Amino acid sequence: MIDLNEGKAAFLNDFERQEAFLSRFGSKGLHDLRRSALSRFEELGFPSPSEEEWRFTPLGPLTKIPFQLSPNGISQRESEVAERLQPMGIAPPDAVLLLNGRCARPLNSAGLPENACVQPLLLALSEKQEFVERHLGRYASFETHPFTALNTAFIGDGAFVYIPKNTTVTKPIFLVYWSQSSGEPTVTHPRTLIVAEESSQATIVEVFLGRPNDVYLTNAVAEVVCGPNASIDYYKIQDESKEAFHVHTLQVQQSRDSTFSSHAFAFGSVLARNEINSVLDDEGCSCTLNGLYFASGHQLIDNHTRIEHARPHCSSHELYKGILDGHGHGVFNGRIHVHPNAQKTDAKQTNMTLLLSDDAVIHSQPQLEIFADDVKCTHGATIGQLDADALFYLRTRGIGKEEARSLLTYAFANDIIQRVRVDLVRRQLEALFLHRHQPTGGRTT
Amino acid sequence: MSTATSTIQEFANREYRHGFVTEIEADTLPPGLNEDVIRAISEKKNEPKFLLEWRLKAYRHWTKMKEPKWANVHYPPVDFNAISYYSAPKPKKRLNSLTEVDPELLATYEKLGISLEEQKRLSGVAVDAVFDSVSVATTFKDKLAEMGIIFCSFSEAVQKHPDLVQQYLGSVVPPTDNFYAALNSAVFSDGSFCYIPRGVRCPMELSTYFRINAANTGQFERTLIIAEEDSYVSYLEGCTAPMRDENQLHAAVVELIAAGDNAQIKYSTVQNWYPGDKEGRGGIYNFVTKRGACRGRRSKISWTQVETGSAITWKYPSCILQGDESIGEFYSVALTTNYQQADTGTKMIHIGKNTRSTIVSKGISAGHGQNTYRGLVKIMKGAANARNYSQCDSLLLGDKCGAHTFPYLEVRNASAKVEHEATTSKIGEDQIFYCRQRGISVEDAIGLIVNGFCKEVFRELPMEFAVEAQKLLGVSLEGSVG
Amino acid sequence: MLTIFNLHAKVEDKPILNGVSLKVKAGEVHAIMGPNGSGKSTLAGVLAGRDIYEVTEGDVLYNGKNLLEMEPEERAREGVFLAFQYPVEIPGVSNTYFLKAALNAIRKHRGEPELDAMEFLELVREKMKLLRMDEELLKRPVNEGFSGGEKKRNEIFQMAVLEPKLAILDETDSGLDIDALKIVADGVNSLRDPNRAMLVITHYQRLLNFIVPDKVHVLAGGRIVKSGGKELALKLEKEGYGWIENGHQ
């Protein structure tokens, strides 16, 4: 029996050491929030697999590792990071760039419309404290979630995005989180806050990267506030080190007539837990959650999504695809909760998994909880292997076996990739899929 | 109540249009069932000994069986001794052509809009009309005979092709299969028989219309269709029954055998037997066993049904996919209104490698109607790469009806791929109002929506049947545009 | 063309409209703005004949006829078109078939010959260009699986095909991103015509940068509390609805 509480102490100690520094940012109210989040974390501890929400995602290994905060970030030459970002068309000066959880320098804000704001969270907490605190920590509840509690306790640096009323930001906004260990395993708790006011529009790309094979934990929380009629296109690309742990919660609050779409791509880390909670809190909201993940070796990628249909006339569309190879393990848990007065809800959820090896495992759990009677809710789940006929067909045309498998795998993933509206990111994903994630083995039938 | 709702109700409560009784002299056995009755049936039909023995065996087994209770339908117990097990119109004379058929009978068909003459002349459909239990007119037989196709009444097949009957009868639905199949095996009166020899593609849709007519008459049809290697046949079954107060039992058995490689059978049904009145009195009990076996490689059986009638329907047209790469299909529209109950669906049993099956089921419930889809997809150990796709959609009109979906999936081979989708939706006042705001009347709007819902199934029906199916739903066909 | 006089209406027992009066002439575009719950969508619904609303007082004259006495389909055939706030999905019924049934019902009413499939397709193709719609959408079931933007575009496309005399656009801009909004607005602007009147209901002032109205009315508490020109929208934008609501309650 693994004692999950063993690892807890290290985080509590971290907080003690950091507290004086953190308390300098934000009001006393914010710091009270940090402290109550910390005590909530202390009470909750790390969840064990006996808890329904964590049944398939064992945290034993994570709690064994003595992660250390790297309080001052790292003085990293940006060339290594820049090299990884370059294919996506991101130059470090154009992004909010956090190195081990600290922002290296503010972004070059040329090209942003007047009054729009993209900056490191620490800076925003100094310059616009009152406005930021009106939203920060208001949506992502830590009552039942130890990782969110931990992140909230460490609210410090991160990213802040503000799009004012009737403003359209045409260029994608990049938020990049880079981690590496300097000998010791490190931990970061980056926090992102995105506030989009009435009838505004923006595209936001969050990128999580790390030095290959380094051991670290990223425990991130992002809150997105969509004002009335706002339209937010959100992308997340997670390509962490293969030894890293990644826990990420995206909390979305939607007002009347707002449109939110998320496209989440996960390739890295040995264990990843991605949660998306979207609250459709007024009429006319539309929410799209698309996801694509690839797990091979002994990777475990866990996607938990929850869509709250709280009001009538909202729609949600969810499509998650997983590709599992080697001993890769996938978890999909998609909950759609239609509240009693949320009539005319239109919710569609699809989960598709491609198994490339006999040892790969998927746990797929759609959960529809419907308490209104005039709604349209559908869900579908498929689990399958590569089509042997198609594979054979390609080989008769002279395409090698591995290449044919890779091509068909790409074909499976392609419709999610094609939904990406940021050209360079889409091209990078295509390349990533065609070249880096060729099936690596495992017998197939 | 708003206009839209009241029209939906009106639509749901429509009176049965085919309720009339044809007065023809009938030769009827007294009610009740015992071995003597079975001997009498067999004797009247001048059957060979093997068949009488077969019937008796089935009867003896039946007496030990219990009525099935698992279906999601509710009805008072059936008194099997109150039913008359044989009823045939007394032939006035031997019939050589259509003109000799009882004019009253022809008139009945005309009222149903299925005039034999019209069908024969215009659509090239060969019709083997079954009036109650005995076949009274068969058409196009000579033309089919030239190609080696046998298409006749079951009684005739027993007389002229006893070897074929003996070889295939009960080979897909054994006489002991279930309660109603056993009853049918014991007392079946007549039905259709069809044999398509190797390499022959039947040039026309073969068709039979059934009617239940004489009061208190059980109808026990038996249909047997055999398709040899590389052959193809499309068979249409249509049923209407006149209005009666007492419930009538119908327990048919249909066996399809796609015997050879590449053999294909397409079987389409439009069923609008009397469903009972608005209070749920009367109506047909339709307990049918339909099953096909795809024995050849790449053979294919396709069931398409539009079920709008009967008080209670209990029916699962099934495919046993034995041959490698064989294909089974099931397309169904089931409409229940007033107090109708339907528990229907299919079974797809995958035995051979690379077998595929498709299930598309559309249930429409209105009034107090209860509609249940019950489907089994079973992938056996040896059925490598088997594929199934199932789609079950339910449409509700009004708020007193119900739709239930019970899919059963049993997969014993890891390479199988099974997909299931289900939706339930309601014709809402919103949809009707949207149509009206565009200038379309309420009646047309309901027709539009119901037909749209059923489109995937209607598309599978032969043209002339599709038209009848539309009529049965009381709506007009969607145009060819789009 | 349209005269609304002292219109009162309720849903169940809750009064929503409390004496709306409004005159719209042919060729004019009127914008109706107002906070949530002010009765904007109710007004649209009453004009189109939605039966959940009960008119308790007042009159509506449309080209000299009593609009309130007509069935919804009669109003449509007489040229009243409502672009729905939440366009309804009709599974299985193709967009083309639906629109053809609607157009022919209206043409029949006008005593014009029905269009055959070829003539209809020709007309539809021409109108699709206006809304930059993909022909694929024609074959798909009405609004089913359409994105929010596609649904709203489809409404304006239907309007282009049916060529109404009075078009009521109920929050057609809600939930649209800026590109979709421009396409919809371009479509609406191209349908402005000396013989056609439009009632544009919106919650967001942004729309009126793209569809410039002749008159702006503010609806609050089920009554028109302020009318003016285009500049009224700008004032609302700056000051919100507060000053209006406060002054009238």
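Order of the sequence lines fixes the chain letters, A, B, ..., with proteins taken first and strands second; residue numbering starts at 1 for each chain. These numbers were taken from a predicted model, which means no experiment stands behind them.
- In this structure, CG on C/L181 lies 9.5 Å from CD on A/Q201, to the nearest 0.5 angstrom.
- At a 4.5 Å heavy-atom cutoff, A/K348 makes no contact with chain C through either its backbone or its side chain.
- Comment: C/R206 does not engage A/E198 in a salt bridge, judged by the lack of any side-chain N to carboxylate O separation of less than 4.0 angstrom.
- Within the 4.5 angstrom heavy-atom criterion, atoms from both the backbone and the side chain of A/S199 approach chain C.
- Tested against C/Y204, the residues A/D257, A/N166, A/N229 include a single side-chain hydrogen bond (donor to acceptor under 3.5 Å, both in side chains) partner, A/D257.
- For A/D233, no part sits under 4.5 Å from any heavy atom of chain C, backbone or side chain.
- Residue C/L176 touches chain A through its backbone alone, counting heavy-atom pairs closer than 4.5 Å.
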| A/E283 and C/E171: CA distance, side-chain angles, deciding distance, side-chain contact (heavy atoms from CB on, under 4.5 Å) verdict | CA-CA 12 Å; A/E283 291 186 22; C/E171 298 213 20; over 6 Å; no

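- In terms of heavy-atom pairs under 4.5 Å with chain C, the best-connected choice from A/S286, A/S315, A/A230, A/P228 is A/P228.
- With respect to C/E89 and A/K344, no salt bridge is recorded, no charged nitrogen being found less than 4.0 Å from a carboxylate O.
- Sparse packing is recorded around NZ of C/K215, with 12 or fewer heavy atoms of other residues, nucleotides or ligands lying under 6.0 Å away.
- When all heavy atoms of C/D177 and A/S231 are compared, the closest pair comes out as CB-OG, 3.7 Å.
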